[in-house]
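Scope of the values below: all heavy atoms of this structure, side chains included, with no hydrogens, waters or symmetry mates.
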Amino acid sequence: MELIKIEGLSPQEYEHPFDKKALNALEKTPGLDLLVRKFYELSTEKLMRLEFTGSNLKITPSSFPDVYEILEDACENLNLKTTPEFYLRYDDYFRTLGFTTNNLQGITVGVTNPLVAISVECIERFSRPELLFIIGCEIGRIKSQHVLYEDIARLIPVLSGAITAATFGFAGFSVSIMSGLDLALTQWLRMADYTADRAGLLACQDVNAAMMAMAKIAGLPKKYFNSFNIDDFITQAREFEGFADNLHNKFLKGISLMYRDQAFTIARANELLKWIDSGSYQSVLERKTRIQAPQAPKFCRHCGSELQPSNLFCPSCGNKVMPV
Ligand SMILES: [Zn+2]
């Protein structure tokens with residue numbers, strides 16, 4: 001089946017409403033602006049890149065041609081003009097750093113020069129369409145400019161240690177500000193996954209492959225890969241009642257922090273199926289949702305520095321970039 005290259009696709013056409021809602025809440029959280037400024041001051045992105053590129057194999061068209069081709073397909077289908085750098089990450093290293101909840105998911109690091117990485121297990125366990133879903137999720141994160149807050153979310157546990165906090169000039173952050181930020185970021189990360197899943201599906205354009213990938217993330221044992229009835233998983237996901245509507249329930253928010261390492265795959269599959277059932281997925285493929293993306297400003301209105309279209313915040317002064 002020939003896949004559709006979704007011409008002119010803008011993330012606003014498929015972003016999940018809970019993602020936007022949680023992002024609004026996050027951006028109103030005290031301390032976030034300071035944290036963003038620190039992120040730029042400390043050249044955190046550069047450090048993360050070094051950490052990453054210093055220990056992982058690069059996936060190139062000559063080293064892993066079949067895998068690299070999937071990345072290219074994901075970018076083309078989702079209308080991302082620049083192909084990000086691509087890496088193969090090994091075992092649990094990044095998981096222990098809190099980079100990802102699950103070894104069967106991709107990760108994306110870096111705002112100005114994003115790089116995408118998948119694990120060895122991803123290559124070994126996913127079929128081509130499933131891998132296209134997984135990589136498509138990451139391309140979706142780049143398109144929606146999720147990566148800055150994701151990188152910052154990864155920093156929080158590091159900064160919570162008193163000594164590191166003092167070293168990096170975070171001593172002024174009270175415990176309550178830090179935990180407020182942690183909570184808002186964790187909430188948003190979960191909702192951002194809903195958007196990423198939609199991008200993954202738009203990349204692979206195969207509902208069963210998306211569901212099978214999710215079943216594998218949810219822990220499907222390898223020996224059942226060929227015999228597993230995907231309809232059972234779809235039924236289970238449909239029956240899941242969902243808790244996303246309780247976004248403002250403080251108790252549930254608190255509980256969700258305790259389970260931050262879970263991938264919540266059934267909840268994600270449930271949200272993705274609802275989107276498909278509503279007809280919205282088909283409308284995007286048929287280009288009925290086409291909208292004009294807001295124009296990114298060329299210069300920062302605070303300090304006049306030149307901006308890249310991907311800048312969510314000015315890399316020079318750390319102020320938020322407003323679309324014109
Ligand atoms: Zn600026």
Side-chain angles (χ1 to χ4, degrees), residues 11-23 25-26 78 100-106 122 125-127 129-141 144 146 150 185-221 224-225 228-249 251-285 289:
Q12 283 85 24
E13 291 176 57
Y14 59 84
E15 273 166 350
H16 196 290
F18 293 145
D19 172 6
K20 277 178 233 164
K21 214 164 145 185
L23 187 63
L26 170 62
L78 293 175
T100 179
T101 52
N102 190 304
N103 236 3
L104 288 179
Q105 295 183 85
C122 284
R125 292 182 183 223
F126 290 127
S127 67
E130 289 160 13
L131 209 44
L132 189 50
F133 169 78
I134 297 292
I135 296 171
C137 290
E138 297 312 307
I139 300 304
R141 296 184 202 283
S144 286
H146 281 168
E150 285 174 0
L185 278 162
T186 306
Q187 270 299 312
W188 170 75
L189 279 175
R190 188 142 295 158
M191 301 304 150
D193 277 345
Y194 294 155
T195 294
D197 291 337
R198 291 178 175 188
L201 179 61
L202 288 167
C204 77
Q205 298 168 24
D206 180 338
V207 176
N208 278 352
M211 289 297 138
M212 192 62 188
M214 285 182 159
K216 288 179 182 178
I217 296 170
L220 182 66
Y224 292 97
F225 280 9
F228 185 65
N229 183 0
I230 195 61
D231 291 335
D232 287 346
F233 179 78
I234 292 176
T235 306
Q236 187 193 343
R238 280 196 202 286
E239 283 170 356
F240 179 75
E241 281 188 20
F243 46 3
D245 295 338
N246 295 308
L247 200 61
H248 296 293
N249 181 321
F251 176 70
L252 281 179
K253 276 183 174 179
I255 294 282
S256 75
L257 269 186
M258 287 163 51
Y259 296 101
R260 66 193 321 153
D261 291 338
Q262 298 299 313
F264 281 92
T265 325
I266 308 298
R268 284 167 48 190
N270 171 277
E271 284 300 322
L272 193 59
L273 288 166
K274 276 197 259 178
W275 186 58
I276 299 164
D277 293 345
S278 74
S280 305
Y281 162 61
Q282 202 56 37
S283 301
V284 176
L285 281 184
T289 48

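We find the CD1-CD1 distance between I217 and I134 to be 4.0 Å, quoted to the nearest 0.5 Å. Put simply, CG on L78 and CD1 on I135 are 11.0 Å apart, with the number rounded to the nearest 0.5 Å. How far CG of D277 is from CD of Q282: 12.0 Å, rounded to the nearest 0.5 Å. The NE2 atom of H16 sits 9.5 Å away from atom CG of L272, with the distance rounded to the nearest 0.5 Å. Remark: D232 CG to Q236 CD distance equals 9.0 Å, nearest 0.5 Å. Atom OG1 of T195 is separated from atom CD of E271 by 10.0 Å, given to the nearest 0.5 angstrom.
Pairs of residues two or more places apart, or lying in two chains, that qualify as salt bridge (Lys or Arg N to Asp or Glu O under 4.0 Å) and include a residue from residues 195-204 are D197-R268.
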(message) Assess the residue pair N208 and I234 against the criterion (side chain to side chain contact (heavy atoms under 4.5 Å, CB included)); give the C-alpha distance rounded to whole Å, side-chain angles, the decisive distance to 0.1 Å, and a yes or no.
(response) CA-CA 9 Å; N208 278 352; I234 292 176; 4.0 Å; yes
(request) Walk me through it: do L201 and Y281 pass the test side chain to side chain contact (heavy atoms under 4.5 Å, CB included)? (result) CA-CA 9 Å; L201 179 61; Y281 162 61; 3.6 Å; yes
(request) I would like to know whether K20 and E15 meet side chain to side chain contact (heavy atoms under 4.5 Å, CB included); could you show each step before the answer? (result) CA-CA 8 Å; K20 277 178 233 164; E15 273 166 350; 3.9 Å; yes
(message) Run M211 and L273 through side chain to side chain contact (heavy atoms under 4.5 Å, CB included) and show every step you take.
(response) CA-CA 9 Å; M211 289 297 138; L273 288 166; 3.6 Å; yes
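Residues that satisfy the side-chain contact (heavy atoms from CB on, under 4.5 Å) test with E130, not counting sequence neighbours, are F126, S127, A209, M212, A213, K216. Remark: S280 pairs with W275, S278 by the side-chain contact (heavy atoms from CB on, under 4.5 Å) rule, at least two apart or across chains.
Heavy atoms of other residues, nucleotides or ligands lying less than 6.0 angstrom from CZ of F225 number more than 12.
Proximity of R125 to L131: side-chain heavy atoms (C-beta onward) are nowhere separated by under 4.5 Å. Q187 places none of its side-chain heavy atoms less than 4.5 Å from the side chain of L26.
Taking every heavy atom of both residues into account, G140 and Y14 meet most closely at CA-OH, 4.2 Å.
Using a distance-only test at 3.5 Å, with no hydrogens or angles considered, a donor-acceptor pair links the side chain of N270 to the main chain of F240.
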